[in-house]
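So the structure is just underneath, and the comments pick up after that.
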Amino acid sequence: MNRLPNPIWLRTFEAAARHLNFTETGRELGLTQTAVSLHIRSLEGNLGAKLFTRAARRLELTELGQSYALTVRRALSDISLSTNALFGGDSRQTLTIRAAISTATYWIAAELPAFNTLYPDIPVRLVSNIWADSTKVDDVDVEIRLGYGDWPGLRAEKLCDETIVPVCRADSPKPNLDALQLGSLIHILGYEDNWARYFEAQGLPPAKQPPRHSVDTTVAALQLVMGGAGYATILSRFAQNAIDQGAPLQIAGPAIPFAQSHYLIHAEEPATQSASAQLFMAWLRARIDSHAAV
């Protein structure tokens with residue numbers, strides 16, 4: 001096992017290495033001079049080496065002490081920075097939003113600048129995973145999921161209906177339906193029937209050729225499309241946001257209804273949710289309504 005001295009001794013040593021005075025060290029740490037001296041002796045005993053040389057009115061670091069002080073100071077600084085970043089003074093006010101990676105990338109991230117402009121004092125943490133229901137909802141303030149609204153033990157509030165469209169690379173000739181049927185089709189795992197449903201809605205039989213590529217996220221599918229690998233069917237909302245953000249894509253055909261919808265997930269009663277969470281949800285509902293009215 002790696003040797004790790006008592007962290008309290010290390011904290012005392014770091015302060016003593018700065019002050020070179022046990023009385024001043026004790027004043028900084030709220031310890032007596034005797035306690036500081038005991039911590040240093042205990043650390044030296046644990047390490048089997050002297051860290052300070054002591055004279056009647058002077059304290060100096062040994063060569064080993066100088067080297068060790070730099071290491072300990074850097075380590076404590078790293079811990080302090082990480083603690084402040086993850087659990088600092090603003091962490092309780094931080095609004096944590098979670099969505100599947102494609103929803104986070106091609107919808108929520110595109111909307112957040114407008115929310116930040118309206119509520120600049122609310123720091124936002126956007127987290128994502130491939131399957132949005134793979135971790136506990138209790139860990140976040142707001143969760144947005146795509147599905148049928150039937151998650152056991154959770155209240156699901158429908159946000160909006162969705163449609164899907166085929167997309168192709170922006171500099172490609174816009175294909176007709178026959179070209180789509182004969183083209184290289186990209187399938188998204190979990191939604192492999194989207195292409196069959198799309199062609200059925202256009203009065204056409206399913207494509208006969210097998211998929212050229214199968215991926216597990218819309219993000220990966222769009223990267224393939226932008227690279228010229230073929231066509232994908234994705235949510236119209238995602239396609240338009242990606243295009244608005246400058247992605248080299250174009251919508252390659254009319255939209256059709258999609259069976260799944262986006263939902264707000266509630267693990268608690270609304271009254272017990274944070275003020276920032278309630279503000280964000282109300283803002284998102286209004287944002288969706290305003291887009292629908294255009």
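In this text, all values refer to a predicted model and were calculated from it rather than measured experimentally.
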Contacts of Phe13 meeting ring-ring contact (aromatic ring centres under 6.0 Å, His included) (sequence neighbours excluded), chain-then-number -> Phe52, Tyr68
Charged N to carboxylate O under 4.0 angstrom, Arg145 versus Glu143?
yes
Test item: Glu111 side-chain N/O and Leu284 main-chain N/O as donor-acceptor pair under 3.5 Å:
no
Evaluate the side chain to side chain donor-acceptor pair (under 3.5 Å) criterion for residues Thr96 and Arg125: first the C-alpha distance (whole Å), next the side-chain angles of each, then the deciding distance (0.1 Å), finally the verdict.
CA-CA 5 Å; Thr96 300; Arg125 179 187 296 120; 2.9 Å; yes
Specify the closest pair of heavy atoms between Ala69 and Ala17, including all atoms of both residues, with the distance to one decimal.
CB-CB, 3.8 Å
With sequence neighbours left out, write down each residue that passes ring-ring contact (aromatic ring centres under 6.0 Å, His included) with Tyr106, or none if nothing qualifies.
none
If two hydrophobic side chains count as joined below 4.5 Å and joins carry through other members, does Leu4 share a cluster with Leu64?
no
Given the options Asn194, Leu185, Ile256, Phe199 meets side chain to side chain contact (heavy atoms under 4.5 Å, CB included) only with Leu185
State plainly whether one hydrophobic cluster holds both Leu20 and Leu43, where clusters connect Ile, Leu, Val, Met, Phe, Trp and Tyr through side-chain heavy atoms under 4.5 angstrom apart.
yes
Would you say Arg212 has more than 12 foreign heavy atoms packed within less than 6.0 Å of its CZ?
no
I'd like to know whether the aromatic ring centres of Trp283 and Tyr119 sit less than 6.0 Å apart in this structure.
no
State which residues pass side-chain contact (heavy atoms from CB on, under 4.5 Å) with Glu63; sequence neighbours excluded, sorted by chain then number.
none
Take atom CG of Leu70 as the centre, draw a 6.0 Å sphere, and report whether it contains more than 12 heavy atoms from other residues, nucleotides or ligands.
yes
Indicate, with yes or no, if Ile164 and Leu204 share a hydrophobic cluster defined by side-chain heavy-atom contacts under 4.5 Å among Ile, Leu, Val, Met, Phe, Trp and Tyr.
yes
Determine which pairs satisfy salt bridge (charged side-chain N to carboxylate O under 4.0 Å, His left out) with at least one residue from residues 218-231, sequence neighbours left out, and list them in order.
none
Regarding Arg73 and Ser77, is there a side-chain donor-to-acceptor distance under 3.5 Å anywhere?
no
Just wondering, more than 12 heavy atoms not from Arg197 lying within 6.0 Å of its CZ?
no
Grab the two heavy atoms, one from Gln245 and one from Ala110, that are nearest each other, plus how far apart they are.
NE2-CB, 3.2 Å
Output, in order, the C-alpha distance, side-chain angles, deciding distance and verdict of side chain to side chain contact (heavy atoms under 4.5 Å, CB included) for Arg287 and Phe115.
CA-CA 10 Å; Arg287 186 86 169 172; Phe115 178 77; over 6 Å; no
Has the side chain of Thr103 got a donor or acceptor atom that lies under 3.5 Å from a matching backbone atom of Ala99?
no
Do Ser236 and Thr163 pass the side chain to side chain donor-acceptor pair (under 3.5 Å) test, and can you show the C-alpha distance, the side-chain angles, and the key distance before you say yes or no?
CA-CA 6 Å; Ser236 305; Thr163 60; 2.6 Å; yes
Ionic contact status for Lys50 with Glu60, cut-off 4.0 Å:
no
Strictly by side chain to side chain donor-acceptor pair (under 3.5 Å), give each pair with a member in residues 20-36 just once, sequence neighbours left out.
Arg18-Glu28, His19-Glu28, Glu24-Arg27
Enumerate the residue pairs fulfilling salt bridge (charged side-chain N to carboxylate O under 4.0 Å, His left out) with a member in residues 231-255, sequence neighbours excluded, ordered by first and then second residue.
Glu162-Arg237
